[in-house]
Structures are given as structure tokens and as C-alpha cells.
Amino acid sequence: MNKVNTSRFKDKAFRRLGMVVTVSCLLILAVFVGFVLYMGLDRLSWEFLMSLPSRFADQSGIYTAWIGSIWVLVLTTLISFPLGVGAGIYLEEYGKKNKLATFLEINIANLAGVPSIIYGLLGLEVFVRIMQMGNSILAGALTLALLILPIIIVSTRESLRAVPSSIRDASNALGASKWQTIWNQVLPASFGGILTGVILALSRAVGETAPLIVVGALAYVPFAPRGPLDEFTVLPIQIFNWVSRPQHEFVINAAAAIIVLLLITFVMNGIAVYLRNRWQSKMKW
Amino acid sequence: MVKQYAALFLLSGLFLTSCGSGGSDTKEIQIDGSSTVFPITEAVAEEFRAEAPDTRVTVGVSGTGGGFQKFLRGETDINDASREIKPSEIKTAEEKGVDYVRLSVAYDGLAVVVNPENDWVDHFTVDELKKIWEPSAQGEINRWSDVREDWPDEELHLFGPGVASGTYDYFTEAIVGESGSSRGDFTASEDDNVLVQGVSTDQYSLGFFGLAYFEENADKLRLVPVVNDQGNPVEPSLETVSNGSYNPLSRPLFIYVSKQAAQRQSVQQFVNFYLDEAPMLSKQIGYVPMPDSAYAAQKEKFRKFSAATDSVSAN
């Protein structure tokens with residue numbers, strides 16, 4: 001009887017603990033978002049979005065920063081999506097389960113934990129210098145693509161693994177080739193999960209600062225990029241730059257820019273949720 | 001649906017192969033380097049847009065050292081520097097055959113201030129400041145009498161800029177010996193008015209901030225002389241900052257211009273514009289401008305450097 005009481009107590013205690021932890025996480029987020037909105041919402045305007053950086057806080061805007069962020073985001077997507085998903089498919093569906101595969105698997109998992117600045121150094125040497133791309137958007141996007149590739153590969157493999165093997169067996173039994181099975185059955189079934197992983201990884205990329213500074217993203221760029229080989233700046237760098245100014249008005253600017261960055265991230269996460277739901281409800285065997 | 005994504009695969013491939021080349025426009029000026037000098041360079045670049053709208057000036061913040069690396073590889077035209085070029089960097093410059101000129105543009109000075117009613121502090125030594133501000137002082141140095149025995153046995157209240165500011169980095173580097181390392185229990189604010197307010201209303205307070213902010217509030221605060229490397233207590237002023245006798249709390253800020261860049265007309269125009277506007281702009285931003293004659297001398301130095309065809313370093 002006593003034992004039962006103890007486990008009941010433990011059960012209750014754990015539930016309470018879980019609740020406290022969850023609520024405090026949400027609370028911290030709410031306080032953060034609330035604080036940023038309180039500080040920056042008044043500053044946010046069409047003019048702020050369309051103005052160039054300036055030493056006068058009230059004339060300063062984030063035009064080049066958000067255009068730069070979008071450029072980087074689009075290029076990073078174009079580069080990392082095919083590479084990451086392709087590698088995931090190969091490793092999961094084609095790759096043989098031998099020592100090399102284990103070795104690759106461990107390394108990909110490790111790569112996901114490498115600090116982002118290291119990717120920046122790699123990007124600086126390989127893309128900026130050896131491949132002579134200079135401080136371009138392309139070099140920045142390639143670096144960020146490398147940074148998020150492990151995440152995309154791992155999440156792609158997880159999604160592929162979630163497809164029941166009976167589906168593959170059934171497809172094979174009907175005489176479909178491996179490619180037909182993957183293309184017509186496995187991929188459609190797992191695409192929601194894959195896309196979610198890709199978009200979450202991109203959300204991380206859009207907030208990165210350190211690797212881009214190393215690769216040569218700039219703090220003051222008074223023009224919008226015209227192509228992938230132009231110099232650029234991104235929102236996190238503009239925010240970082242403003243926050244480190246002593247004048248309070250710049251900190252308010254930073255708060256307004258953070259709101260824009262948060263909006264971009266929220267919209268992306270929203271798309272991820274939407275796509276996942278869509279694919280999940282559509283796929284029925 | 002999947003077919004559309006397949007098209008995306010193909011498109012991205014096409015896209016990547018199509019970006020192979022890109023010419024460099026001589027109307028571009030690439031600047032990188034110190035985040036301390038950045039605000040001045042940014043302001044100059046901003047003003048320069050009106051002067052030469054078709055010249056594209058970009059400014060990065062890789063730090064003085066990171067900036068020099070790029071500068072010495074010929075990747076940038078101008079490097080912002082909050083210190084002089086190091087011997088190891090000079091060696092790299094010689095190996096790479098990069099010739100450059102160093103131009104002073106302004107001073108970064110810090111003021112140590114107390115309340116005007118504070119009648120016991122005559123000066124600080126660097127060691128005393130270190131004793132007050134180093135990380136181990138927290139919980140140890142809490143009263144004025146802990147610093148010097150004959151000072152009043154009253155609580156010491158500290159005010160300083162927020163830890164994200166360059167001013168804080170510089171102060172801790174010059175006083176504690178390690179950038180970004182100090183005690184944590186002081187009133188920190190990015191808003192210098194808060195610091196002025198704090199020190200001016202509290203007799204037992206001590207604070208530091210950029211010298212330019214002191215000048216605007218000179219009537220509410222008292223400047224404290226700091227003993228320099230020659231053993232003399234020196235009060236910061238335009239004169240003592242610019243002749244270097246107020247140290248270690250003041251430092252000159254530089255831009256380095258490469259020979260290759262200096263021969264381009266757009267760069268010449270920009271550098272001259274920089275030296276013309278620096279007195280007004282550096283003050284606006286919170287730094288100490290040099291005397292007018294010094295700017296004239298820098299212009300002359302640059303003129304000679306850009307005109308000289310031999311590659312003797314005009315440093």
C-alpha cells in the first residue's frame with residue numbers, strides 16, 4: 001500500500017515538474033517577445049523597412065539587411081535542399097549498412113554539433129579564397145548550406161525511416177524498381193517530414209551571424225545586392241551592430257529589426273507546420 | 001507535386017553553373033576592420049553618398065586583426081584599426097608586397113568621473129582602478145577605504161557602460177588587462193545619460209564613459225586625473241589626449257590605405273573626404289577629434305603616399 005502511495009506521489013510530482021518547466025519555457029519566450037515588441041513596435045514602419053543604414057538612428061533602416069537575408073535564404077535553400085535530401089535518400093535507401101556507412105553516419109551527426117564559426121572559417125578559405133567568390137552572397141549561402149546540411153540529412157533519414165517497410169515490400173512485390181518505389185511511394189509519404197526538417201534548418205540559418213561575418217558579410221552596405229556575387233549584409237549582423245552602439249535609439253532600432261527577423265522565422269515555421277499537415281492528411285494507402 | 005520539386009533541383013543546378021564570373025568595378029571601395037572605428041567610417045561613407053553617388057562604399061566589422069588579414073591579402077582597400085599594425089602583420093605585408101599608409105582619424109578617450117562633491121580623490125593610479133574593477137574585486141572592494149586607507153569609510157557605487165559596448169571592452173582591456181573582464185556588480189547602462197545621472201546624484205559614486213559625453217555634462221561631474229606611464233597624474237583634455245600624455249585611457253584610431261587602392265581616384269576622393277569630415281563626424285559619434293593641423297598633416301601624408309610611384313613604405 002505504501003509503495004503504491006509513493007509511486008502515486010512521484011507520478012504527481014513529475015507531472016507538476018513537467019508543467020512548471022513547460023510554463024516557464026513559454027513564459028521566458030513570452031517575456032522576450034513582449035519586451036522586444038514593447039521596445040521596437042513603435043519604430044517599425046514602411047520607412048524603416050525601406051531605408052538605408054545611417055549614423056542617425058531615426059533615419060536608419062533595414063532595407064539592405066532584409067533584402068540580403070532573403071537573398072541568402074533563397075540561395076541557401078536552392079543549394080542545401082537537393083544536396084541534403086539527396087544525401088539522405090542515398091544513405092537511407094541505397095547505402096549498404098557497412099563500416100563506411102557507420103563512419104559516415106557518425107561524422108554527419110558530429111558535423112551537426114560543430115560550432116557555426118568553424119563553418120565560417122571553412123567557407124572563408126574554400127569559397128571566398130580558393131574558389132574566389134569574394135565576400136559574396138553566394139559564398140555566404142554556400143557556407144550556411146554546409147552548416148545546415150547535417151540537420152537536413154538527419155531529418156530526411158528520420159522521415160524516410162518512418163515510412164513502414166511494408167510499403168516498400170508491397171511496391172517491390174508489384175515489380176516496381178527501387179527508384180519507382182522511392183519516387184512514387186516513399187518520398188510522397190515522407191515529404192512532409194523532410195520539408196519540416198529543411199525549413200527548421202533554414203530558420204536556423206537565417207539567424208546565423210558568426211559564420212557570415214567571417215565569410216565577409218558587411219555591416220554597412222548602402223545598396224541592395226543586384227546578383228549572387230554582390231556584397232551583402234543580413235539582419236542578424238545589422239541587429240548585432242546596433243545593439244553594440246551606446247545610443248539608446250539604436251537599441252530600439254535593433255528591437256524593431258528583431259521583430260522583422262522573428263516574423264520571417266515565424267512565417268517559415270508556419271509554412272513548415274502547414275506543409276506537414278497537408279502531406280500527412282493527403283497520404284493514404 | 002513531387003515533379004515541381006524535381007524542377008527545382010534542375011533549376012538550382014542551372015543557377016549554380018551560371019554564376020561563374022563577376023567583374024570588379026573600380027568604383028567600389030571595400031573597407032573592413034575595427035568595430036571601434038566603424039561608426040566614423042560608416043558616417044563618412046553615408047555622407048560620401050551625397051558627394052559621389054556612383055561610388056559604392058561598403059564597411060565590415062571583422063575587427064582590427066581580422067581586417068588586417070583581409071587587407072594584407074588585397075581583399076580590402078582600407079582597414080579600420082584601433083591599434084597600430086603589429087610586427088607580425090608588417091612581416092606579412094612585406095612578404096605579400098603590400099604597401100600601405102597609416103592615417104590617424106580621431107581619438108578614443110575614456111573619462112573617469114566622480115561626483116563634484118567628492119573632495120578626497122585627487123587622482124587614480126592604473127593599479128587602483130584595476131583593484132576596483134577587476135573580477136576579484138567583487139565582494140572585496142566595497143568601500144572607498146578599501147581602495148586607499150585614508151579615503152572615507154563609505155560604500156563605493158560604480159557606474160559604467162554596458163558590457164556590449166566598445167567603451168567597456170576598451171576600459172577593461174586598458175585597466176584590467178583583459179578585454180571584457182570586470183566585476184559584475186556595477187550599474188551598467190548603454191545610455192550615457194543614465195550614467196551621468198547616477199554619478200551626479202551620488203556623492204560616493206565612481207564611473208567611466210567616453211570622453212565626449214563628459215564634455216556635454218562637465219558641470220555635473222568631476223574628471224579624475226589618471227597616472228600615466230610616466231608617473232604623472234594627467235587629466236584628459238583635447239590636448240592631453242592628442243599628445244598621448246593621457247594614457248592608457250586614450251588611443252588614436254587609424255585607417256590604413258593600401259598603395260594599390262590609393263592610386264585609384266575614387267579612393268583618393270574618399271580618403272580626402274574622410275579627413276575633411278572626420279573632425280565634425282567623430283565628435284558627433286562620441287570620439288575626440290584631432291587638432292585641425294593634424295588633419296592637414298594626414299592629408300599631406302596621404303597625398304605624398306598616393307603620388308609616390310616607388311614602393312617605399314610611407315609609414
Side-chain angles (χ1 to χ4, degrees), chain A residues 52-56 59-60 64 74-75 77-83 85-86 124 128-129 131-138 142 183-184 187-188 191 194-195 213-214 216-223 227-233 237 240-241 243-251 278-279 282, chain B residues 1-2 5-6 8-13 15-16 18-24 28 30-32 35 38-49 56-63 66 69-70 73 75-76 161-162 164-167 169 189-194 209-210 213 281 284-286:
Chain A
L52 297 173
S54 160
R55 69 180 184 284
F56 299 109
Q59 291 170 20
S60 211
T64 51
V74 170
L75 281 182
T77 314
L78 290 178
I79 297 159
S80 64
F81 183 83
L83 284 181
V85 174
L124 176 67
V128 176
R129 292 189 176 147
M131 295 172 77
Q132 304 224 322
M133 292 177 190
N135 307 339
S136 61
I137 302 178
L138 187 61
L142 281 166
W183 189 248
N184 295 319
L187 264 188
F191 221 69
I194 293 176
L195 276 183
I213 288 191
V214 178
L218 301 157
Y220 176 79
V221 183
F223 50 84
L229 287 169
D230 266 350
E231 293 121 329
F232 68 110
T233 187
I237 293 179
F240 174 70
N241 184 265
V243 168
S244 44
R245 296 289 185 95
Q247 293 91 343
H248 186 63
E249 298 79 44
F250 279 113
V251 178
R278 223 185 105 117
W279 244 278
K282 213 174 76 174
Chain B
M1 202 61 175
V2 174
Y5 286 94
L8 204 103
F9 274 55
L10 283 175
L11 256 179
S12 61
F15 180 79
L16 278 177
S18 67
C19 2
S21 65
S24 75
E28 279 177 14
Q30 299 187 331
I31 309 174
D32 205 333
S35 57
F38 173 81
I40 310 179
T41 305
E42 181 200 41
V44 174
E46 185 186 350
E47 292 297 311
F48 194 63
R49 268 202 327 254
R56 310 213 302 182
V57 183
T58 57
V59 193
V61 282
S62 300
Q69 271 191 25
K70 295 186 180 177
R73 280 169 166 267
E75 293 171 358
T76 54
S165 66
T167 315
D169 285 344
S189 175
E190 300 290 353
D191 186 350
D192 290 274
N193 294 322
V194 173
F209 42 73
Y213 291 97
L281 293 175
Q284 217 176 57
I285 286 151

- Query: Say you draw a straight line from CG of A/L229 to CD1 of A/I137; how long is it, rounded to the nearest 0.5 Å?
  - Reply: 8.5 Å

- OH of A/Y220 to OG1 of B/T41: how many Å apart, nearest 0.5 Å?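 Separation between the atoms: 11.0 Å.
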
- Among B/R49, B/Q30, B/K70, B/E47, who wins on heavy-atom pairs under 4.5 Å with chain A? B/R49

- Message: Quick check for you: among B/A45, B/P39, B/S62, which has the greatest number of heavy-atom pairs under 4.5 Å with chain A?
- Response: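 With the most close heavy-atom pairs to chain A, the winner is B/A45.
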
Side chain, backbone, both or neither: which part of [X] has an atom under 4.5 Å from a heavy atom of chain A?
{"X": "B/E75", "value": "side chain"}
{"X": "B/V57", "value": "backbone"}
{"X": "B/F209", "value": "neither"}
{"X": "B/L281", "value": "side chain"}

- Residue pair A/R278 / A/L195, side-chain heavy-atom distance below 4.5 Å: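 In short, these two side chains do not touch, never coming nearer than 4.5 Å.
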
- Task: Please examine the side chains of A/F56 and A/E249, heavy atoms only from C-beta on, and report whether any two atoms are closer than 4.5 Å.
- Result: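 A side-chain contact under 4.5 Å is absent here.
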
- Message: Taking CZ in A/F240 as the centre, count heavy atoms belonging to other residues, nucleotides or ligands within less than 6.0 Å. Is the count above 12?
- Response: no

- Task: Between chain B and each of A/L124, A/N135, A/L52, A/V214, count heavy-atom pairs under 4.5 Å; write down the option with the most.
- Result: A/L52

- Is B/E42 paired with A/R55 through a side-chain N to carboxylate O contact shorter than 4.0 Å?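 Not counted as a salt bridge, because no side-chain N and carboxylate O are separated by less than 4.0 Å.
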
- Item | Structural part of A/I237 lying under 4.5 Å from a heavy atom of chain B | neither

